[in-house]
Amino acid sequence: MEPRPILVAVAWPYANGLQHLGHIGGAYLPADIFARYHRARGNDVLMVSGSDAHGTPITVRADQEGVDPIDIVNRYHPEFLRQWDTLGISFDLFTTTMTENHHDVTRSIFNRLRERGYIDLRTTEQMYDPEAERFLPDRYVEGTCPHCGYPRARGDQCENCGRTLDPIDLINPVSRVSGATPVLRETEHFFLLLSKLEPELLAWLESREGWRRHVINWSLQFVKDGLHDRAITRDLTWGVRLPDDELGEGKRIYVWFDAVIGYLSASIEWAQRSGDPEAWRRWWEGPEPESYYFVGKDNIPFHTVIWPAILLGHGDLDLPTNVPANQYVTFKGEKASKSAGVGRSVLEYLEVVQPDALRYALASVLPEQNDTELTDDEIVRRVNDELVAVWGNLVNRVLSMIGRNFDGVVPEPADPQAADTELVATVDRALDEVAASIEAVELRAALRAAMSAAQAANAYLSDNEPWKVVKNDPARAGTVLHHALQAVAGVNVALSPYIPFASASVAEALGVPSGEGWARTEIPAGRRLGALAPLFSKLDSPLFGDDT
RNA sequence: GGCGGCGUAGCUCAGUUGGUGAGAGCGUUCGACUCAUAAUCGAGAGGUCGUCGGUUCGAGUCCGACCGCCGCUACCA
């Protein structure tokens, strides 16, 4: 089978704080599992993402600390890299939107859409602070909410009643920058003509197959309700400059236009680094490439509507194959949140939980259909009662029996019985089942299928009792262990996208390649097995003492 | 308010186009085993499928209303 080019695009995190388990379970872990599977299968995977440097939360944070936005990004970007490395999230490139390349690519997309008539220049009115001599983003204007009377409502939304606002509706508006009363003033901005792209977009969405129900229904309705043209520039000094600074130094391309372009610019950067600057085209042009965008549910419209609109406007680049958006991992019923302080950072968890164990616990509760609740006790339970009990124990009991009774050398499969070959066949079927589920981005179901195969191997051992048989019939015991070992080898492949570190250890002990090929490798009789310590440690509850 | 999703065993979740007595993992009870990190294997118990109404020979599955939770609502991305 020809290798398929598969783009694994993962949401760009704001570089304004550490990440929590909700982020990982929502996007990064599923993307990594998907990517590892496809690499093993022999497909050409390009997995990219990066730190979003231009998001509003970053400028807000920088304002609070009185530092430059770039300082905030430079503080957290290396932490992200460390986090990916520790957790085994295998990006081909994790860059930032601060690179010269990204800015150039963004401008070239801008120019292309403008040439093709999908971007135009319009004059609008906007709040202006006469004292600070600058235009104000909506959220920088404060005043009394016209709906509920809350005195400190922001220009974009009232925190008290939750209604969306327009800053000109605020009573007694005040600039948060200087305290002055803002005035309306004319300003020029570029608009993306979403209304013009609407029919094409709708036709494309209606032709999608295999998308998650909540993703496709929401997207279709969003477009059917009618798309408005959106301003893609802002009165800012932080962000991608316009070509030739056309509107002056104080106008920048706004983050929601440039951030999604990061998928493309990162692909191009990866190609440049790889020594073949045109290599990115393999994942972006023509009918071959498949692209999967792993994002959280709050990010759906940007990946099912706005990014596809930009790509349609460009004309020569491929639209997403699927956007398997996840719902949320919640903690005690609450969505994890950097700003609200709900949920510990991933790096804190990694101090007390092995990366594979954390990956397993998260993978078993991925919020593919619903918000899913995950507590520390649940992590302990998943690891101790499932991962250690079923898989860690299976590997350990098989290897230690071969070690004790056969001197660590794989015994001969003398005179195999139906049960022996059936076990191995069951594992091979499980590999197909896992593959089919992962292809459909049903990663929880795939994990369950892999674990079921491990349980079948445990049941096989119980039925055939090699520890008892060995006393009177060593040849039969050897046959059973030989087949149990083949099952271990197969299940290890099925689990490899989920627990890559442990999987590599097992592969090494068995003397087989790791992460290459989606099939069981036969372990020949006579091979001496490597030593292997227990794969996982049991966890104690509570994970973090009793302070939370 | 509008749009979308969700509400199924103690817990976390599956349930294709409506159809034999509603499922899985874990927990729990009983039994087996003792090679293995007191791990494993087998059997059982456990649910008026959010509420009410409707369509149908038949609905967890379709329709309506209501309750609750989540997301979006175009200046968070």
Side-chain angles (χ1 to χ4, degrees), chain A residues 11-14 16 52 54-58 60 126-127 136-141 154-157 162-167 194 212-222 224-225 227-231 234 254-256 259-260 295-303 305-306 325 327-328 330 333-335 339 364-375 377-378 381-382 384-386 388-390 392-405 442 444-445 447-448 451-452 455 457-463 465-470 477 481 484 533-538:
Chain A
W12 290 54
Y14 297 127
N16 73 329
D52 174 11
H54 301 138
T56 306
I58 292 171
V60 168
Q126 197 179 339
M127 286 296 199
L136 297 169
D138 289 356
R139 59 165 55 200
Y140 279 60
V141 180
R154 287 195 324 229
D156 57 340
Q157 186 179 35
R163 300 195 59 156
T164 313
L165 302 176
D166 194 305
L194 290 170
R212 292 182 182 167
R213 175 167 31 202
H214 70 273
V215 176
I216 190 62
N217 285 351
W218 191 93
S219 305
L220 278 172
Q221 198 57 45
F222 186 84
K224 285 178 183 169
D225 285 347
L227 297 178
H228 311 332
D229 299 335
R230 283 178 69 146
R234 293 288 187 279
Y254 190 55
V255 59
W256 70 250
V260 287
V295 303
K297 66 174 162 182
D298 54 340
N299 221 336
I300 291 173
F302 288 85
H303 294 80
V305 177
I306 294 190
Q327 310 249 358
Y328 287 151
T330 60
E334 274 189 277
K335 176 194 171 190
S339 49
S364 61
V365 298
L366 290 177
E368 294 174 340
Q369 315 285 347
N370 306 322
D371 285 358
T372 302
E373 173 75 10
L374 180 66
T375 61
D377 282 349
E378 175 78 356
R381 211 219 82 217
R382 291 274 180 187
N384 290 355
D385 298 340
E386 294 182 16
V388 174
V390 174
N393 181 48
L394 173 65
V395 174
N396 195 31
R397 67 198 300 211
V398 171
L399 290 192
S400 59
M401 276 190 275
I402 291 176
R404 180 168 329 100
N405 298 302
E442 291 168 4
R444 270 166 57 139
L447 178 56
R448 188 95 289 286
M451 290 300 279
S452 292
Q455 287 174 319
N458 276 322
Y460 166 82
L461 289 172
S462 287
D463 288 345
E465 303 179 309
W467 56 88
K468 196 182 283 182
V469 172
V470 74
L481 289 173
L535 295 173
F536 312 102
S537 310
K538 283 204 168 194

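Any value given below was found using the heavy atoms of this structure, including those in side chains, with hydrogens, waters and symmetry copies removed.
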Can you tell me, in whole Å, how much space there is between the [atom1] of [N] and that of [M]?
N: B/C75; M: B/C6; atom1: P; result: 28 Å
N: B/C63; M: B/G19; atom1: P; result: 15 Å
N: B/G10; M: B/U51; atom1: P; result: 14 Å
N: B/G60; M: B/C52; atom1: P; result: 13 Å
N: B/C70; M: B/A24; atom1: C1'; result: 25 Å
N: B/A65; M: B/G4; atom1: P; result: 12 Å
N: B/C13; M: B/U17; atom1: P; result: 22 Å
N: B/G68; M: B/U55; atom1: P; result: 28 Å

Mind checking who [N] pairs with, Watson-Crick or G-U wobble, both distances under 3.5 Å?
N: B/A32; answer: B/U40
N: B/U17; answer: none
N: B/C6; answer: B/G68
N: B/G53; answer: B/C63

Side chain of [X]: nearest nucleotide among [options]?
X: A/D156; options: B/C76, B/A39, B/C70; result: B/C76
X: A/Q369; options: B/A14, B/U12, B/A36; result: B/A14
X: A/R444; options: B/U37, B/G71, B/C13; result: B/C13
X: A/S400; options: B/G4, B/A36, B/A24; result: B/A36
X: A/N299; options: B/C75, B/G25, B/A77; result: B/A77
X: A/Q126; options: B/C75, B/C72, B/C41; result: B/C75
X: A/V255; options: B/C11, B/A77, B/C70; result: B/A77
X: A/W467; options: B/C41, B/C35, B/G25; result: B/C35

Checking A/T330 against A/E373: is there a side-chain donor and acceptor pair closer than 3.5 Å?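 Indeed, the side chains of A/E373 and A/T330 share at least one donor-acceptor pair under 3.5 Å.
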Is it the case that A/Q221 and A/N217 place a side-chain donor and acceptor less than 3.5 Å from each other?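 No pair is found: no donor N or O on one side chain lies under 3.5 Å from an acceptor on the other.
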In whole Å, I'd like the distance from the [atom1] atom of [X] to the [atom2] atom of [N].
X: A/F536; N: B/U37; atom1: CZ; atom2: C1'; answer: 12 Å
X: A/R397; N: B/A36; atom1: CZ; atom2: P; answer: 10 Å
X: A/L394; N: B/C41; atom1: CG; atom2: P; answer: 9 Å
X: A/I306; N: B/C76; atom1: CD1; atom2: P; answer: 12 Å
X: A/Y328; N: B/C6; atom1: OH; atom2: C1'; answer: 14 Å
X: A/R404; N: B/C35; atom1: CZ; atom2: C1'; answer: 6 Å
X: A/E386; N: B/G27; atom1: CD; atom2: P; answer: 8 Å

What about A/N393, does its side chain sit under 3.5 Å from the base of B/A36 through a donor-acceptor pair? yes
So, does [X] get its side chain near the phosphate of [N], meaning an N or O under 4.0 Å from OP1 or OP2?
X: A/Y254; N: B/A77; result: yes
X: A/N370; N: B/A14; result: yes
X: A/Q455; N: B/C26; result: yes
X: A/K468; N: B/U34; result: yes
X: A/R381; N: B/G27; result: no
X: A/R382; N: B/G25; result: no
X: A/T56; N: B/C75; result: no
X: A/K538; N: B/A39; result: yes

Identified side-chain contact (heavy atoms from CB on, under 4.5 Å) partner of A/F302 from the options A/I306, A/D298, A/I300: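 It is A/I306, the one option of A/I306, A/D298, A/I300 that forms the side-chain contact (heavy atoms from CB on, under 4.5 Å) with A/F302.
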If we check side-chain contact (heavy atoms from CB on, under 4.5 Å) with A/L535, which of these qualifies: A/N393, A/V395, A/L394, A/V388?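 That would be A/V395; it is the only one of A/N393, A/V395, A/L394, A/V388 passing the side-chain contact (heavy atoms from CB on, under 4.5 Å) with A/L535.
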A/R230 charged N/C atom sitting above A/W256 aromatic ring, 6.0 Å / 45°: yes
So, A/H228 and B/A74: ring centres less than 5.5 Å apart, planes less than 30° off, yes or no? yes
So what does A/D371 hit on the nucleic acid, given a heavy-atom distance under 4.0 Å: a base, only sugar-phosphate, or nothing?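 Since only primed, P, OP1 and OP2 atoms lie under 4.0 Å of A/D371, the category is sugar-phosphate.
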So A/L399, base contact, sugar-phosphate only, or nothing? Heavy-atom distance under 4.0 Å. nothing
Of A/H214 and A/E378, whose nearest nucleotide on RNA chain B comes first from the 5' end?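 The 5'-side residue here is A/H214.
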